[in-house]
Amino acid sequence: MDKKMILSGLQPSGIMTLGNYLGAVKNWVKLQNEYDCLFMIADMHALTVPQEPVNLRKRCYEVLALYMACGLDPEKSTLFFQSHVPQHAELSWALTCTTYMGELSRMTQFKDKSKNAKDTGVGVGLFVYPVLMAADILLYQANLVPVGADQKQHLEITRVLAERFNRLYGDVFTIPEPYIPEVGARIMSLQDPTKKMSKSDSNPNGYVSIVDEPEVIIRKLKRAVTDSDTRICRGEGKDGIENLMSIYSIMTDKTFEEIEREFEGKGYGDFKLAVGEAVAEGLRPIREKYNELMNNKDYLKEVYTKGAQRASRLASKTLRKVYRKLGFVDRT
Ligand code: TRP
């Protein structure tokens, strides 16, 4: 039997953080053996907010190198740049025509992001972003889409758009399921544990970059915001500690109960140091591999070229069906 399809991606909108790694890529690595996986670098999505071209290109390489440094294996998974597969834009247009303005206006991410864009004007790209994301997923007939909790609403609209298209024109699309990990789905800012850890945080102490040096990582975790209590456990008003427990739990494979026992009677200082060391140690091999890959652009090029070829082959199959259903004349 054919393996089930998985598609996911990250935007190259900054250097990857510990949150992207623990919440996303680390889980993807485990899926590669069981599923047919495509992992994309969503460079077209990055254009929904202003980008400096030189930086964007650099970050695209960085994200690819980080995917591989984290353990995504180009022999097992298809790694590619979204912009290298023109079918994403083509399917996106077709889906746009059966999407309602109201549906897109209700997206919480659009509402949040458009608030920040008030003085520059709100871009149409930001508005139609979920349709492009739906196209990303539906082109590959993905069964499962591993994403963080913040993307759940985008998955829901993808399902709505796929079902609507199938109803209007006949079955073409597989209806995808979200796949959200229990622990680590939301790694929060170290400075404000009610907000998601984000590379666009204006305070660099809020996030750990995957390529931060060990001393920097340990320092940032030492400064992590906690509470005025002393116990290392979950509870009301203990979002900071819970976030650190999630990070420690994923880095060390220990359960929350084991962590509570390990730090019983110890202070926050000891705990934060332990988390810092676990993160610094866990990221060390990734940083080393990343540096090696960034010095080997030829290899990266080989990987993304092969990735785009396979992705295009799959995508064009779906797009051909869609165009036929829509009533376009077959290309000869
Ligand atoms: N919107 C996602 C994010 O910002 C990235 C993304 C684009 C994506 N297309 C996708 C994720 C398709 C999963 C599937 O994180």
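- The backbone N or O of Thr174 lies less than 3.5 Å from a partner atom in the side chain of Gln141, making a donor-acceptor pair.
- Residues Glu281 and Arg284 are paired through a salt bridge, judged by an N-O separation under 4.0 Å between the basic side chain and the carboxylate.
- Separation of atoms CG (Leu244) and OH (Tyr268) is listed at 9.5 Å; rounding is to 0.5 Å.
- For the pair Tyr304/Leu79, no side-chain contact is recorded, criterion being any heavy-atom separation below 4.5 Å from C-beta on.
- In this structure a side-chain-to-backbone donor-acceptor pair under 3.5 Å is present from Asn243 to Met188.
- A side-chain donor-acceptor contact under 3.5 Å links Gln32 to the backbone of Asp73.
- Separation of atoms CD (Gln109) and NE2 (His154) is listed at 4.5 Å; rounding is to 0.5 Å.
- Aromatic rings of Phe263 and Tyr248 (six-membered ring for Trp) have centroids within the 6.0 Å cut-off, being under it.
- Within the 3.5 Å criterion, the main-chain N or O of Cys233 finds no donor-acceptor partner in the side chain of Glu260.
- From Thr17, atom OG1 reaches atom CD1 of Ile187 across 9.0 Å, with rounding to the nearest 0.5 Å.
- A side-chain donor-acceptor contact under 3.5 Å links Arg287 to the backbone of Asp212.
- Counting heavy atoms from C-beta outward, Glu62 and Tyr290 have side chains that approach closer than 4.5 Å.
- Taking the side chain as every heavy atom from C-beta outward, Met251 and Leu22 approach each other to under 4.5 Å.
- Environment of NZ in Lys199: crowded, with over 12 heavy atoms of neighbouring residues, nucleotides or ligands closer than 6.0 Å.
- The shortest side-chain heavy-atom distance between Thr226 and Lys272 falls under the 4.5 Å cut-off.
- Using modelled atom types, no side-chain atom of His88 and backbone atom of Leu132 make a donor-acceptor pair closer than 3.5 Å.
- Taking the side chain as every heavy atom from C-beta outward, Ile157 and Gln153 never approach each other to under 4.5 Å.
- Note on ring orientation: taking the six-membered ring where Trp is involved, the planes of Phe110 and Phe127 are perpendicular (angle over 60°, cut-offs 30° and 60°).
- Considering Tyr323, Trp93, Tyr169 as possible partners of Phe328, the one that fulfils the ring-ring contact (aromatic ring centres under 6.0 Å, His included) test is Tyr323.
- At most 12 heavy atoms of other shown residues, nucleotides or ligands fall within 6.0 angstrom of atom CZ in Arg231.
- The side-chain contact (heavy atoms from CB on, under 4.5 Å) test with Leu72 singles out one residue from Thr78, Val29, Leu64, Leu66, and that residue is Val29.
- Contact annotation: the side chain of Pro176 approaches that of Leu138 to within less than 4.5 Å [non-hydrogen atoms, C-beta and beyond].
- One N or O on the side chain of Ser316 and one on the backbone of Arg313 form a donor-acceptor pair closer than 3.5 Å.
- Atoms CZ and CD, on Arg159 and Glu177 in that order, are 5.0 Å from each other to the nearest 0.5 Å.
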Evaluate Thr98 against Arg164 for side chain to side chain donor-acceptor pair (under 3.5 Å), listing each step before the verdict.
CA-CA 8 Å; Thr98 49; Arg164 181 175 304 149; 5.6 Å; no
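- Remark: side-chain polar atoms of Asn166 are paired, donor with acceptor, to backbone N or O of Phe173 under 3.5 angstrom.
- When side chains are defined from C-beta on, Ile210 does not count as touching Asn20, because their heavy atoms never get closer than 4.5 Å.
- Put simply, CE on Met107 and CG on Asp112 are 12.0 Å apart, with the number rounded to the nearest 0.5 Å.
- Across Lys76, Lys3, Lys4, a single residue satisfies side-chain contact (heavy atoms from CB on, under 4.5 Å) together with Asp36, and that is Lys3.
- The environment of Glu215 atom CD is dense: over 12 non-hydrogen atoms of other residues, nucleotides or ligands sit within 6.0 angstrom.
- How far OG1 of Thr158 is from CG of Leu161: 6.5 Å, rounded to the nearest 0.5 Å.
- Here the side chain of Ser249 pairs a donor or acceptor atom with the backbone of Lys254 at under 3.5 angstrom.
- Between the Gln51 side chain and the Arg57 main chain, no donor and acceptor come within less than 3.5 Å of each other.
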